[in-house]
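Scroll down for the structure; my scribbles are underneath it.
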Amino acid sequence: MVENKMICKAPYNELLQQKNLPTHIFLDQTIIQKQNDGKLVDLQMFIQAGLVSDYAFLHQLFKNFPSQKQLHTASFMAFVEHMTRLYETQALAITSYGTIYEKAFYLTENGHLLSAYMKRFLGLLLQLFWNLEINDSTFRVENFMVWLKKLGYPIALPERLLISEYLENVLTLQENQKLSVLSEIGETGASCFADEKTMIRAVERYQKIISKI
């Protein structure tokens with residue numbers, strides 16, 4: 001369901017990119033089976049699709065999976081068809097949001113403390129916080145973060161991660177690629193470059209919320 005596929009060399013250097021235009025989509029049965037941590041990984045895809053391309057879909061996820069209990073007992077099956085349609089029409093916008101922040105973890109000392117899934121998820125969240133710094137939004141991000149914590153996501157940044165180095169890597173990576181921007185939650189807008197001060201404010205707000213919840 002991803003528009004482009006890439007071959008990368010560690011830590012995250014893209015060597016080759018090729019169009020990926022599948023004619024069939026196969027449903028991984030683990031998405032609809034009972035799991036524990038695996039369901040958090042699967043839910044990441046749904047949350048990202050909702051944040052970037054469909055706020056109503058994100059709200060439905062919030063209502064149907066309010067806690068770990070519901071997440072571990074309920075099935076994703078009712079949401080698979082809609083998410084597939086979102087990826088069919090907006091795959092590039094969905095998958096590219098957060099990627100620069102994600103890649104920066106691979107270039108930062110102690111970034112290895114995060115799994116690939118958490119690099120992806122924290123990259124998504126940190127770009128979202130930067131996004132909220134540059135445009136007005138009624139999105140209740142603190143409630144959103146409380147929800148993620150209730151579900152069991154380890155949303156705190158590793159203590160041994162040097163934030164200044166990490167943000168420097170984000171700035172370096174964006175020299176060749178602008179950051180995607182949401183004009184509203186669920187709606188993509190024009191991409192732009194981030195400045196250091198805004199990124200610092202975003203991370204400080206992120207950490208402040210994490211410390212409160």
If Ile, Leu, Val, Met, Phe, Trp and Tyr residues are connected whenever their side-chain heavy atoms lie under 4.5 Å apart, and connections chain through other members, are [X] and [Y] in the same group?
X    : Y    : answer
V146 : L58  : yes
I213 : L71  : yes
F139 : I210 : yes
L113 : M118 : no

Main-chain N/O of G186 paired to D54 side chain as donor or acceptor, under 3.5 Å: no
Under 3.5 Å donor-acceptor, E184 side chain and S137 backbone: no
F65: which of W147, F46, F76 passes ring-ring contact (aromatic ring centres under 6.0 Å, His included): F76
Tell me the closest heavy-atom pair linking [X] and [Y], and the distance in Å.
X    : Y    : answer
S180 : N131 : O-OD1, 4.3 Å
L61  : I47  : CD1-N, 3.8 Å
Y153 : L40  : OH-O, 2.6 Å
L161 : E109 : CD1-O, 3.7 Å
F193 : E175 : CE2-O, 4.2 Å
V52  : A93  : CG1-O, 3.6 Å

For [Y], is there an ion pair with [X] - N to carboxylate O distance below 4.0 angstrom?
X    : Y    : answer
E133 : R201 : yes
E142 : K212 : yes
R85  : E81  : yes

About how many Å separate [atom2] of [Y] and [atom1] of [X], when rounded to the nearest 0.5 Å?
X    : Y    : atom1 : atom2 : result
K39  : S75  : NZ    : OG    : 6.0 Å
F62  : Y55  : CZ    : OH    : 8.5 Å
F121 : M45  : CZ    : CE    : 13.0 Å
Y97  : Q48  : OH    : CD    : 9.5 Å
R120 : T99  : CZ    : OG1   : 6.0 Å
L167 : M199 : CG    : CE    : 4.5 Å

Whether Y101 and Y166 hold their rings parallel, tilted or perpendicular, with breakpoints at 30° and 60°: tilted
Candidate pair Y106 and N169, rule side-chain hydrogen bond (donor to acceptor under 3.5 Å, both in side chains), full reasoning: CA-CA 9 Å; Y106 287 91; N169 287 327; over 6 Å; no
Within 6.0 angstrom of Q70 CD, more than 12 heavy atoms from elsewhere: yes
